Amino acid sequence: MPLHDITTRIAKAEADAGRTAGSVTLIAVSKVQPDARVRAVLEEGHRCFGENKVQEAAGKWPAFAEDFDGLDLHLIGPLQSNKTRAAMELFHAIHSLDRPKLAQSFARLAQEMGRCPDLFVQVNTGEEAQKAGVLPSEADAFVADCRALDLPVKGLMCIPPVDVEPALHFALLAKIAARNGLEGLSMGMSSDFERAIALGATHVRVGSAIFGERVPA
Ligand SMILES: *Cc1c(COP(=O)(O)O)cnc(C)c1O
């Protein structure tokens, strides 16, 4: 689907929800997509992209950065502690802060580098064993710990379980964010971003609807 169709649908979802036009950021999820497709979206003027692996992103974005100004890159996949520095050098925002060890490594490197990307705490709203994220019951304490480390926590992120109605998960994430005074809500993907916007999403992560199905490498 052309990028324009997605931005039109986002604008309509904002209006339907009585939200300010432009209050939702579209993160175009470019993981695994061929460079030509990513370049086409860049040439349409879009600058905000999401990747789920540090190494893959480090392999492709420096070249795009030579040709396009103003990139806004978001890491949306799990982060290993030993890749924290590389992630902080490449990304403007990281949506997968999910454990104390990672928080400590962000804090230490932020001191050293004098800057830190915007951070989103990932919450495992479905309490799935195989999925990353802090449990909903642990989220308040974890956010407080991150703030005590002076980390720039901007919001929360979730990936609802597959094959369930995501609205309950979006509503739960919004509730946890509100009680912690957090404005950012990273939620909603190709199949459900309009519902996420209705429930307060500030960042939607849309991949296949923009680029087409991912062809596994
Ligand atoms: C791949 C991915 C997306 C995009 O998924 P689509 O269904 O292709 O829109 C969003 N969020 C995360 C965390 C992802 O890994």
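Counting convention: from 1, in listed order, for ligands and their atoms alike. Since this is a predicted model, take the numbers as computed values, not measurements.
A distance of 6.0 Å or more separates the ring centres of H92 and H74. Taking the centre of each ring, H203 and F120 come in below the 6.0 Å mark.
In summary, the atoms of ligand 1 found under 4.0 Å from a heavy atom of R205, numbered by their order in the structure, are 4 (C), 9 (O), 10 (C), 11 (N), 12 (C), 13 (C). Near V206, with a cut-off below 4.0 Å to any heavy atom, the atoms of ligand 1 are 9 (O). Per-residue contacts place I159 under 4.0 angstrom from the following atoms of ligand 1 (heavy atoms of the residue considered): 13 (C).
Closest to atom 12 (C) of ligand 1, if we only count protein heavy atoms, is I76 CD1, 3.4 Å. Of all protein heavy atoms, the one closest to atom 1 (C) of ligand 1 is K31 NZ, 1.4 Å. Protein heavy atom at the shortest distance from atom 9 (O) of ligand 1 is S190 OG, 2.5 Å.
Donor-acceptor pairing under 3.5 Å is recorded for the side chains of Q80 and K83. Residues R85 and S105 bring no donor and acceptor atom of their side chains to less than 3.5 Å of each other.
Contacts of H95 with ligand 1, taken as heavy-atom pairs under 4.0 Å, are absent altogether.
With salt bridges taken as basic N to acidic carboxylate O contacts below 4.0 Å, one links K60 and E51.
The shortest N or O to N or O distance between N52 and ligand 1 is not below 3.5 Å. Some N or O of G207 is nearer than 3.5 Å to an N or O of ligand 1, by distance alone.
Taking a 6.0 Å sphere around CG of D67, one finds it holds more than 12 heavy atoms contributed by other residues, nucleotides or ligands.
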